[in-house]
Undergrad: 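This is the structure I have questions about; it appears just below.
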Amino acid sequence: MYLTVLLPLLGFIINGAFGSKISAIGGSASDRRNEKVIGIIGSGVIGLSFLITIIAFFQTLALPVEERKTIINLFTWLKVSSLDVGFAYQVDQLSLIMALIVTGVGFIIHVYSIGYMHGDKGFWRFFAYMNLFIFAMMNLILADNFVLLFLGWEGVGLCSYLLIGFWYDKKFEKSTTSDAAKKAFVVNRIGDFGFLLGMFLIYLTFNSLNFNEVFTRASAFGVPETTFAFIAIFLFIGATGKSAQIPLFVWLPDAMAGPTPVSALIHAATMVTAGVYMVARCSIIFASAPAILTVVAVIGTLTALFAATIGIVQNDIKKVLAYSTISQLGYMFLAMGVGAFSAGIFHVMTHAFFKALLFLGAGSVIHSMHHEQDIQHYGGLRKHMPKTAGTFLIAALAISGIPPLSGFFSKDEILWYSFANGGFLFWLIGALTAFITAFYMFRLYFLTFEGKERFGHEKPASTRSNRGEHPHESPNVMVIPLIILAVLSAIGGFIGIPEIFSGEHGNIFHGWLEPVFKNAERKLAIYGLHTHFQEILLMTISVAGAAGSIFFARYIYLRKPSIASGTAKKFKSIYNLLWNKYFVDELYDATVINPIVKTSDSFLWRIADNKIIDGLVNGIASLIESASVVIRKMQTGVAQFYAVIMMVGIAAALFWIVLSL
Amino acid sequence: MNFQSLINSLQYIKPEIVIAVVIVLVVTTDLIMGKNKSLLPWISIAGLIVASFFVIEQFSFKAVSSNANGSIGMITADPFGAFFKIIVIVSSIIIVFFSLSSNEIKEAFERHGEYYTLIFGMILGMFFMISSADLILIYLSIELLSLSSYILAGFTKHSLRNSEASLKYIIYGGASSGIMLFGISIIYGLTGTTNLYLLNSFFHLPQFGGFIFWLACILIFAGIGFKISAAPFHFWTPDVYEGAPITITAYLSIASKAAGFALLIRFIKVTFIDSVDASGYWQLLNLIDWKSFLILISILTMTLGNFAALWQSNMKRLLAYSSIAHAGYLLLGLAVLSDQGLIAILIYFAIYAFMNLGAFFVVMIIANKIGSEEIDDYKGLGYSMPFLSFSIAVFLISLTGIPPTAGFIAKLYLFIALVDAKMIAVAVIALLNTVVSLYYYIKVLKNMYLVRPEKEMPAVLVSPAAFAMLIVLLVPIFLFGIYFTPLVNLAKSSIGLMGF
């Protein structure tokens with residue numbers, strides 16, 4: 001199993017060290033072939049990892065339930081008094097599911113990237129970073145202790161920054177992609193700080209950082225709830241940073257500056273779910289602090305609603321998807337917050353399928369539209385790229401929660417649990433968000449693939465390099481991954497069919513993960529309070545609402561486009577508020593960033609740094625300098641003098657003794 | 001002690017016997033082969049490898065011996081000694097390889113027999129220093145080491161610098177061994193014995209103590225302090241290190257220092273220990289306040305070393321002062337007076353051997369190429385000799401103690417030992433010293449990478465042998481920087497001194 005971690009590292013090393021050499025072989029004439037070599041190495045290692053993970057999965061499946069957890073200890077990393085950190089991987093039901101998602105979806109996206117990144121001068125660099133990302137992500141998932149998890153946590157962050165700023169010389173909105181990367185970096189630091197504090201507190205409380213030991217000690221009694229609350233809130237702050245929740249979500253929309261496969265892999269399918277995974281992994285700690293669990297649910301719900309509303313008015317195809325990602329992550333945290341841990345992980349999985357598909361579809365569109373990303377400039381693309389349109393439609397239906405696609409099962413399970421465990425209000429907002437989601441996803445779909453063609457004439461011809469060329473379907477290397485993901489998005493939900501439909505088998509997915517979460521769930525003990533009738537009723541409401549939203553979107557954006565612009569004019573203030581994303585960026589600028597910049601410029605730099613610190617440093621330096629001059633002078637080179645000093649030294653030592661006697 | 005037991009006890013000095021045999025072999029081969037000296041280094045390496053097998057055997061010797069009846073001789077064989085002997089052997093092997101690519105040594109081709117004989121003389125002296133449990137043998141082994149190294153320091157006769165170094169070394173060494181002998185004679189006069197274990201049982205008696213006793217101990221310490229270049233007995237170090245052939249400088253800075261430390265640790269622990277408590281702290285007899293004394297000496301040593309290194313313009317001199325500073329850090333490990341401190345010393349030495357030898361090796365190769373050891377001549381080397389510059393950068397960074405190099409782990413364990421012993425103030429002083437050292441190490445890197453050379457230098461290639469040697473030295477620096485558990489485990493299992 002550890003090979004699944006090492007293979008991507010191998011890929012990174014090969015592509016990182018020799019990538020530039022490989023692409024230089026044979027000059028520019030053989031570009032295509034060299035790219036193929038790099039691409040095959042890059043995706044091949046991930047493919048192999050995926051195969052190994054599948055094998056490990058079936059091996060684990062064959063084991064009896066109690067033995068489905070293996071620890072692979074590669075070597076002891078740190079051992080200092082009671083701190084014992086191993087390079088050890090824990091293969092259990094949860095980490096296997098996550099590993100399958102990461103390597104499987106990762107593999108598909110790697111293959112897709114061979115087509116998408118074709119001709120880019122940083123082709124080898126791209127694959128090296130992507131491999132490094134998978135390596136770090138696998139460390140994060142498979143870690144059996146907090147330190148290794150943190151290593152992966154920081155590693156995926158690093159790759160994320162590298163890939164956001166991949167086209168570091170390109171303009172992005174008002175600034176550059178490297179500014180977007182910087183923003184992601186800084187915001188994530190805040191979250192990581194919280195995570196570190198949580199980790200320190202865990203070590204302080206449980207005297208270990210090993211998952212097994214910590215969780216065993218946490219399930220025992222004797223630790224006050226307030227301690228749990230502090231640990232949980234710190235860990236959750238870490239999760240909000242990585243998984244883009246309120247208030248630390250601002251970096252994710254900007255992260256769209258990176259290449260689209262990166263957005264698909266890192267900023268939709270895998271890395272951003274690391275926060276959800278971490279909360280699920282620490283479920284026992286969160287379950288021991290019910291108050292914080294409520295906070296998690298509230299933050300999740302609010303984020304879901306908040307991001308969905310912003311998504312309605314955005315025009316950049318990737319931005320819409322970015323806000324939709326934030327919103328879906330909100331759902332996952334809502335699931336965590338109401339104690340439906342396996343439902344949350346289920347949604348992580350289905351979301352990985354359909355959101356990766358959405359992003360890759362968007363990538364396919366962007367690719368054929370020569371990097372135009374404004375949906376107002378699309379339209380009628382279905383004729384030109386039917387496969388992309390078809391797969392995109394499946395993904396949009398899945399995310400909207402239309403049965404029997406995967407999104408329906410996972411989203412409805414979350415909504416049901418939030419009603420059953422959390423309360424009516426959580427369900428209401430959740431359902432409302434689901435309707436909005438369906439609406440803006442189909443706004444996106446209709447504006448892009450249906451209706452009149454709005455491209456090709458409004459821009460001056462000179463800015464287009466390939467004028468006269470029609471939008472075209474993408475090459476097979478990109479389309480086939482789309483189709484695979486579409487199949488997964490369509491049928492992926494069947495492994496998590498709720499009890500009421502599957503009867504005696506129960507929820508297979510739930511049953512698989514049950515051993516991981518049973519302690520936490522037992523601690524919460526809030527199950528089976530509602531009837532099947534209610535469940536079906538709620539399900540019907542949400543499906544009907546979603547379907548209604550879809551038809552509403554169709555009506556507005558295909559039949560009567562005037563309504564949309566009319567509404568926007570009528571409710572100008574609301575529209576502006578949404579268009580400007582609730583002015584959160586501006587709020588941060590005004591309250592946090594500007595004061596910091598001002599203080600650091602006027603006080604920290606001019607006074608503290610220039611005067612105090614530099615003065616201190618220079619002062620000490622000159623002190624040391626003069627001291628060292630004296631010491632250097634003593635080294636005269638005369639041997640007799642040295643002997644004298646030796647005697648003086650002995651005499652001084654003896655004198656000291658005499659004094660102390 | 002009858003003849004039979006004498007024969008039996010020979011098995012405990014197998015490594016020493018091997019070294020003695022190699023000395024004879026080298027001398028006779030040199031005589032028989034005449035002008036052809038190319039066999040000598042290989043005989044040396046073969047001899048060292050054979051010796052290392054016998055040393056490894058000593059790791060399994062029980063640290064707690066059954067010789068409670070007082071029939072303890074002059075020699076001990078225990079895991080602690082084996083650890084230091086391995087350090088000596090490894091650095092000797094590396095030094096033999098250094099000598100193969102050193103221009104200075106190659107020039108004195110006709111005297112290679114002498115060179116290797118003297119090196120093995122040093123090794124024999126160091127082995128006895130590491131394992132001796134008797135003041136007389138301590139004195140003799142120090143003399144054996146010193147006499148060989150005096151000659152080697154002046155090995156390249158035609159160089160004035162060499163001869164001066166050698167002469168200074170003799171004068172200073174003579175003075176300090178005289179002082180040490182004086183101390184030993186006082187001890188003998190007080191107790192009538194020179195065996196450390198017997199001394200320890202004598203010192204348990206209440207009538208010992210007082211000024212004269214202190215005097216003797218400090219005089220003995222002066223002799224050992226000379227070997228490990230602890231302040232204020234360090235003055236010979238920069239002059240000799242600068243003047244001696246660079247292979248010998250590197251050797252003195254590692255092997256001879258390791259032997260000195262092994263001797264000092266054994267002397268203090270065996271002679272003055274009362275008991276070891278459960279958490280590994282040594283309770284010394286209430287005769288001498290070794291703890292304060294060692295702290296004082298170590299702070300003095302590291303501060304003097306670091307401060308003097310700040311303005312050195314010669315690489316060998318800079319490394320000489322830096323090695324004084326490192327002796328200071330190592331002494332702190334002893335000053336903790338605990339098993340944890342001892343573990344830290346062992347780890348530090350194993351890592352220090354690689355990084356210091358590496359630094360000296362690169363300095364030597366660069367000197368071979370550009371004919372200078374001045375830091376000013378290193379300008380722009382990062383571009384004309386990328387691999388050499390990268391290597392020395394790694395070694396210097398490791399010497400500073402910055403992760404992910406092994407030097408960080410060495411310092412980490414040392415500081416953990418200090419903090420665990422509640423010696424926070426001392427740890428802070430040591431830490432500040434590390435900051436000072438950063439300055440002069442980085443200055444070298446700055447010259448190599450940030451300053452443009454005055455004249456264009458052609459790109460220089462490293463010979464395959466030197467390249468391989470550098471890889472061998474670089475790998476442990478990174479390996480132990482990340483995966484250091486085996487080293488730590490080895491150190492933990494090697495703290496057993498005979499009798500404890």
Side-chain angles (χ1 to χ4, degrees), chain A residues 9 13 73-88 139 147-148 151 154-155 613 616-618 620-661, chain B residues 164 167-172 174-176 179 183 209-211 213-215 217-219 221-222 225-226 230-239 288-289 292-293 296-297 300 303-312 317 321 340 412-413 416 420 432 435-436 439 482-486 488-489:
Chain A
L9 182 66
I13 292 170
N73 200 345
L74 286 190
F75 58 84
T76 307
W77 189 21
L78 279 175
K79 195 165 187 335
V80 179
S81 57
S82 67
L83 179 66
D84 184 358
V85 177
F87 236 96
N139 266 315
V147 181
L148 196 55
L151 183 86
E154 289 298 299
I613 300 197
L616 216 62
V617 168
N618 290 339
I620 291 174
S622 57
L623 194 75
I624 289 177
E625 185 177 339
S626 40
S628 80
V629 166
V630 174
I631 293 170
R632 204 156 43 124
K633 286 236 174 87
M634 278 157 65
Q635 198 78 36
T636 52
V638 181
Q640 294 89 320
F641 177 70
Y642 297 171
V644 169
I645 300 261
M646 181 159 88
M647 296 305 172
V648 171
I650 293 172
L654 289 174
F655 183 66
W656 176 59
I657 293 155
V658 172
L659 283 185
S660 65
L661 274 178
Chain B
E164 187 193 332
L167 193 64
K168 268 186 194 160
Y169 201 9
I170 293 178
I171 294 174
Y172 203 71
S176 58
I179 288 168
F211 178 73
F213 187 77
W214 270 96
L215 178 69
C217 289
I218 299 237
L219 293 180
F221 181 85
F226 159 76
F233 316 109
H234 69 283
F235 277 98
W236 60 280
T237 315
D239 294 3
I288 287 190
D289 189 3
S292 324
F293 181 71
L296 197 74
I297 293 283
L300 195 63
T303 314
L304 279 176
N306 278 327
F307 276 43
L310 281 179
W311 304 105
Q312 297 308 323
R317 241 184 132 75
Y321 280 110
Q340 213 184 346
L412 179 72
Y413 273 88
I416 289 174
D420 265 14
L432 288 176
V435 177
V436 173
Y439 175 79
I482 297 162
Y483 180 39
F484 42 86
T485 322
V488 175
N489 287 342

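What you are looking at is a predicted structure, and each value in this text was computed from that prediction instead of being measured.
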Undergrad: Within this structure, what is the CZ-CD1 distance for the pair B:Phe233 and A:Ile650, rounded to the nearest 0.5 Å?
TA: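 One finds 5.0 Å between CZ of B:Phe233 and CD1 of A:Ile650.
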Undergrad: Looking only at heavy atoms, what is the nearest atom pair of A:Ala653 and B:Ile218, with distance?
TA: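 Scanning both residues, the minimum pair turns out to be CB-CD1, 3.7 Å.
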Undergrad: With side chains defined as the heavy atoms from C-beta onward, is the minimum distance between A:Leu654 and B:Phe211 less than 4.5 Å?
TA: yes
Undergrad: Given heavy-atom pairs under 4.5 angstrom as the criterion, report whether the side chain, backbone, both or neither of B:Val436 touches chain A.
TA: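 For B:Val436, the side chain is the part near chain A, not the backbone.
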Undergrad: Should the pair B:Phe293 and A:Trp656 be assigned to parallel (<30°), tilted (30 to 60°) or perpendicular (>60°) ring geometry?
TA: parallel
Undergrad: Side chain from CB out, backbone as N, CA, C, O: work out which of these in B:Ile288 comes under 4.5 Å of a heavy atom of chain A, or both, or neither.
TA: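 Neither; nothing under 4.5 Å.
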Undergrad: I need the minimum non-hydrogen distance between A:Gly649 and B:Pro232, along with the two atoms involved.
TA: CA-CG, 3.6 Å
Undergrad: Sort B:Phe221 into side chain, backbone, both or neither according to what part of it lies under 4.5 angstrom from a heavy atom of chain A.
TA: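 Nothing of B:Phe221, per the 4.5 Å heavy-atom cut-off to chain A.
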Undergrad: Could you work out, with side chain to side chain contact (heavy atoms under 4.5 Å, CB included) as the rule, every residue matching B:Leu167, not counting sequence neighbours?
TA: B:Ile171
Undergrad: Only counting residues at least two apart or in another chain, list the ones meeting side chain to side chain donor-acceptor pair (under 3.5 Å) with B:Ser292.
TA: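 Residues passing side chain to side chain donor-acceptor pair (under 3.5 Å) with B:Ser292: B:Asp289.
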Undergrad: At a heavy-atom separation under 4.5 Å, does B:Ile297 approach chain A through its side chain, its backbone, both, or neither?
TA: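 Looking at B:Ile297, nothing touches chain A.
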Undergrad: At a 4.5 Å cut-off on heavy atoms, which part of B:Ala175 comes close to chain A: side chain, backbone, both, or neither?
TA: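 Both parts, heavy atoms under 4.5 Å.
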Undergrad: Where does B:Leu215 contact chain A at under 4.5 Å (heavy atoms): side chain, backbone, both or neither?
TA: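 Both backbone and side chain.
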